Undergrad: 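The structure's right below; bear with me while I get my questions together.
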Amino acid sequence: MNRLTRITAILIQLQSKKIVTAKEIAERFEISLRTVYRDIKTLQDAGIPIGSENGVGYFIVNGYSLPPIMITEEEANALIISEKLIQNQGDSSLIKDFNSFLLKIKSTLKNFEKENISKLENRIEPSTKIDKNKSNWLSKIQKSITNANVIQIDYFSIHKEESTKRNIEPLAIYFTENAWVLVAFCRLRNEEREFRLDRILKLNITSEIFTYQQNFTLKQYLEKYSEV
């Protein structure tokens, strides 16, 4: 990768997160921290409003945005692979959101690239089909996690063969071999619980904001329970 391409990629990376550390940039491009500092200064000298906070990282000043970017054919091909995998994961809301996003990406491609993408779509399929349980809540749950909204659910327990109404504080989601699982603090049981999305009968996002475990990470949660 030449320096101009790298500097452009660094600018895109800065746009992708609120704060990006020099270490993250260095590891992504396999360059030294000294080179990162030089590249950042080049962007600043070019008029890009990049701010920095000692010990935290770099950020793009609010109000600045890049013009629409073009993607490479290889990047578009990677999205087609992602589309096939998402179509096979069982949640219809995620399929709908990703298809909408993919249409916008395709609109940026040249005609010959669109033809190549169309050909690829008909020649790729996951090698194995898995039995998966259908759900339609993933999109709403993702939104409630990022906005820290309490959600109300009607949840069916397969063991007790009954449904209960619960107010829960959504924390994380992960995919098992055949179903999406929500990790949440359950106010009914007063503890962290897991809820399979295919067993949620009804879901409503409330306007109530929760503050429980704002520093929660799924990695730490899984590590904690794997030790039990």
Side-chain angles (χ1 to χ4, degrees), residues 8-9 11-20 28 60 62-155 168-184 195-207 209 218:
T8 303
L11 179 55
I12 293 172
Q13 184 177 6
L14 289 170
Q15 288 274 107
S16 71
K17 291 175 65 177
K18 185 176 181 180
I19 294 286
V20 179
R28 179 186 177 192
I60 299 289
N62 283 337
Y64 177 84
S65 62
L66 284 172
I69 61 171
M70 301 298 290
I71 66 171
T72 66
E73 184 178 357
E74 291 80 6
E75 291 167 338
N77 290 345
L79 286 172
I80 297 303
I81 297 290
S82 300
E83 179 188 30
K84 295 296 182 180
L85 294 174
I86 285 174
Q87 288 174 343
N88 200 40
Q89 53 70 52
D91 188 271
S92 58
S93 67
L94 179 60
I95 294 171
K96 179 182 177 182
D97 291 343
F98 189 84
N99 285 346
S100 176
F101 165 72
L102 193 57
L103 282 174
K104 294 175 182 178
I105 293 296
K106 288 179 180 178
S107 70
T108 69
L109 301 177
K110 298 183 174 84
N111 285 336
F112 80 91
E113 292 172 329
K114 292 175 183 177
E115 292 174 1
N116 290 342
I117 288 296
S118 180
K119 181 190 295 184
L120 193 61
E121 286 177 324
N122 295 321
R123 300 191 182 192
I124 292 179
E125 196 65 42
S127 60
T128 58
K129 293 287 186 179
I130 59 173
D131 292 330
K132 51 192 177 298
N133 296 283
K134 303 291 185 180
S135 65
N136 191 35
W137 308 115
L138 190 58
S139 183
K140 288 185 176 180
I141 289 172
Q142 289 179 118
K143 186 176 181 179
S144 64
I145 289 174
T146 56
N147 294 329
N149 290 114
V150 174
I151 57 179
Q152 297 172 335
I153 63 171
D154 289 354
Y155 189 73
I168 61 176
E169 301 172 3
L171 300 172
I173 45 179
Y174 67 91
F175 189 68
T176 64
E177 67 278 1
N178 64 355
W180 284 96
V181 177
L182 167 65
V183 180
F195 303 91
R196 282 180 45 154
L197 269 60
D198 58 306
R199 294 181 188 164
I200 297 177
L201 306 176
K202 186 178 179 181
L203 183 147
N204 178 52
I205 301 176
T206 75
S207 59
I209 305 299
L218 182 58

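Start at 1 with the first residue, then count along the sequence. These figures come from a predicted structure and were not determined experimentally.
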Undergrad: Return the CG to CD1 distance between L14 and I19, rounded to the nearest 0.5 Å.
TA: 9.5 Å
Undergrad: For residues 138-155, which residue pairs pass the side-chain hydrogen bond (donor to acceptor under 3.5 Å, both in side chains) check, not counting sequence neighbours?
TA: D97-S139, Q152-N204, D154-K165
Undergrad: The criterion is salt bridge (Lys or Arg N to Asp or Glu O under 4.0 Å); which residues satisfy it with K96, sequence neighbours excluded?
TA: none
Undergrad: Which value, rounded to the nearest 0.5 Å, describes the distance between L102 atom CG and L79 atom CG?
TA: 6.0 Å
Undergrad: Tell me, with the steps shown, if I200 and I168 meet side-chain contact (heavy atoms from CB on, under 4.5 Å).
TA: CA-CA 12 Å; I200 297 177; I168 61 176; 5.8 Å; no
Undergrad: Take N99 and I86 through the test side-chain contact (heavy atoms from CB on, under 4.5 Å) and record every step on the way to the result.
TA: CA-CA 9 Å; N99 285 346; I86 285 174; over 6 Å; no
Undergrad: Looking at L182 and I141, what are the two nearest heavy atoms and their distance?
TA: CD1-CG2, 3.7 Å
Undergrad: Any donor and acceptor pair, going by atom type alone, linking the side chain of N136 with main-chain N or O of S93 inside 3.5 Å?
TA: yes
Undergrad: For L138 and Q89, which heavy atoms make the closest approach, and how far apart are they?
TA: CD2-OE1, 4.4 Å
Undergrad: If I compare all heavy atoms of D198 with all of K134, which pair ends up nearest, and what's the gap?
TA: CB-O, 3.2 Å
Undergrad: Residues two or more places apart in sequence or in another chain: which of them pass salt bridge (Lys or Arg N to Asp or Glu O under 4.0 Å) with E83?
TA: none
Undergrad: Might you point out which heavy atoms bring Q13 and V20 nearest each other, and give the distance in Å?
TA: O-CG2, 3.6 Å
Undergrad: How far apart are the closest heavy atoms of W137 and D91, and which atoms are they?
TA: N-OD2, 3.2 Å
Undergrad: Might you point out which heavy atoms bring R28 and A9 nearest each other, and give the distance in Å?
TA: NH1-O, 3.6 Å
